[in-house]
A.B. asks: 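For reference, the structure I am asking about is given below.
Whatever order the structure lists ligands and atoms in, that order sets their numbers, starting from 1.
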Amino acid sequence: MFPLQLAHLSSFHYMAIATINITALALIILVHKYSKAEDNRGRIFIAMGLFMLTWVDFAFLARLVGESSLALSEIFLRLAWVATPLFFYYTYLVSVTVIFQAVQKTKLSSALLVIALLLSFASAFTNLIISGIKFTGTNIDIQYGIGFYPFLALIFLYIILTLVPVFRTKLTQKSWAFLAGILIFYIANLVFNIALPAFVHVTHLYYLGDYSTVFLLALTAYAVIEHELFKVRVIATQALTSVLWIILFVRLFAAANLTEFVVDLFVFVTSVAFGILFLKSVRDERQQKQKLEELATRLQDMDKKKDEFISVAAHELRAPMTAIKGYLSMIAEGDAGAIPDEAVQYLGDAIIGNDRLIRLVNNMLNVARIEEGRLVYQIGNVRLGEVVRRVHDEFKLEAQDKGLEMKLEVPELNDLVRADEDRVHEVVANFVSNGIKYTDKGSVTVRLVQPTPQTIRCEVVDTGPGISKEDGDKLFNKFYRSESAIGKAVGSGLGLYISKLLIQEFKGKIGFTSTPGTGSTFWFELPLASQSQA
Ligand code: ADP
């Protein structure tokens, strides 16, 4: 019937191959069922799993057929090698698209697919990579063609590309699992399939490299369906409970006498009752979790919409406000004819109010840009003293209007820093504008000091209400405004948050000190530009 004299492989191999096949197929089915239907990530994993199985199974078959038919064995071996490059290609794809969620279709991935297909073709139909096989006992000695080293080099390229995203992104539990899987697999392959045969001619351990794929598959499956693991657990619980019920039920018929039967019946009925309660609680928990997830997604959606709305509204407001600023200044300067002093006074107030609105709108626009890293900085040498002086002049009028004294203290110091001048101006303006806004009487002082030889610090000191301890910790948070500020002055709670982001961008520090009832000092520090940069 079966003309081939199969090689005598130890039962370990049969068991290992059976385990790998069952595990791999179970994982493939699991991922197929639980990966989200709308993306093709599940499919990429399945392709990887199937090529892995093809590789491992045909390599096994090649050994099993062995010397009894070298021709058939060679065909099997070639089939295993056909699957290998495709397996590495799909592992790469799993890494970049599933685990690290990059874009799915790129020129690179298409090129890699073409290369993998060429390698498969060459393995199957040419003697470039495999030129023949021989057996020593049950071990295959492969005779390699001239294309073998280029083949290895290309496989190595796939490995590197698979690992690249690992170093680019922050590792999560999911990516750790995947990383552990591929490392086990790469190391086992490097040792058993490449290093040992090549350097010490130990070929009989190569199956350990092949069999290690199962770790890769299991850990990757975990990474792919991580978000669905809860569902898998629910099903496992249901299955286990049902098995328990069946066993207890069958036992009823094995009862030797009535007493035993009654006891068994009691155990069975109690188990069913508690089992139902248990399953119900597990199901409820799952439903709640799903609901929470839905709510969280909706919340994120709404948060995004809110940001978009703010950004659009701010953008639409800015243009007319800038136009108003221009016209008001022209009228105040008499460009439209002489106007009474009282009107100039009113126009001054209008200009101040309008400037405040422009600052607010700018903050709203900038916050999204800074957070998303879209703000382009014009980094250059900035004289902090000049910026401080300019802000002081801009706000003098506003302070005067409120009956506050505005003081400026800029001593002769090295004040050269590397930063974006307009953005630093914004930070100082935010501080001074707050100082004036929240102070009812007394003064607002802007000053420069040098705390260390390498840094320069700008301080804005006011004699306002100060800041309570509870507010203190949250002041630099997005949209945070103190209770007392909310009723008193217009604002968005963005000024300090943006100032913090900007100063951090310029590698500086920001903070404040305050004694409630006496006033606050807001400060930021920037590193001085080194002589070479100046
Ligand atoms: P906004 O001023 O628009 O509310 P900010 O981010 O600039 O937003 O400030 C956040 C909060 O910090 C303010 O609402 C206010 O409660 C508090 N704050 C800021 N500067 C001062 C200050 N100089 N004195 C007292 N409180 C201040």
A.B. asks: Under 30°, 30 to 60°, or over 60°: which ring-plane class applies to F88 and Y186, parallel, tilted or perpendicular?
C.D. replies: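 Correct class here is parallel.
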A.B. asks: May I have the step-by-step check of salt bridge (Lys or Arg N to Asp or Glu O under 4.0 Å) for K306 and D303, ending in yes or no?
C.D. replies: CA-CA 5 Å; K306 179 207 72 194; D303 203 42; 3.1 Å; yes
A.B. asks: Under 6.0 Å between ring centres: does that hold for Y497 and F476?
C.D. replies: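 They do not qualify: ring centres at least 6.0 Å apart.
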A.B. asks: Taking a 3.5 Å cut-off between nitrogen or oxygen atoms, can you list every pair linking ligand 1 to the protein, with distances?
C.D. replies:
from     : atom 1 : to   : atom 2 : distance (Å)
ligand 1 : 2 (O)  : N434 : OD1    : 3.1
ligand 1 : 2 (O)  : K437 : NZ     : 3.0
ligand 1 : 2 (O)  : Y438 : OH     : 2.8
ligand 1 : 3 (O)  : S492 : N      : 2.8
ligand 1 : 3 (O)  : G493 : N      : 3.1
ligand 1 : 4 (O)  : Y438 : OH     : 3.1
ligand 1 : 4 (O)  : R481 : NE     : 2.5
ligand 1 : 4 (O)  : R481 : NH2    : 3.3
ligand 1 : 4 (O)  : G493 : N      : 3.4
ligand 1 : 6 (O)  : G495 : N      : 3.2
ligand 1 : 6 (O)  : L496 : N      : 2.8
ligand 1 : 7 (O)  : N434 : OD1    : 3.3
ligand 1 : 7 (O)  : N434 : ND2    : 2.8
ligand 1 : 8 (O)  : G493 : N      : 3.2
ligand 1 : 14 (O) : Y438 : OH     : 3.2
ligand 1 : 16 (O) : S482 : N      : 3.1
ligand 1 : 16 (O) : S482 : OG     : 2.6
ligand 1 : 20 (N) : N434 : ND2    : 3.4
ligand 1 : 23 (N) : D462 : OD2    : 2.7

A.B. asks: Does D341, at its CG atom, have more than 12 non-hydrogen atoms belonging to other residues, nucleotides or ligands within less than 6.0 Å?
C.D. replies: no
A.B. asks: Hey, are the side chains of R383 and E421 touching, using non-hydrogen atoms and a 4.5 Å cut-off?
C.D. replies: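 Heavy-atom side-chain distance check fails, nothing below 4.5 Å.
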A.B. asks: What orientation do Y90 and F51 show, parallel under 30°, tilted 30 to 60°, or perpendicular over 60°?
C.D. replies: parallel
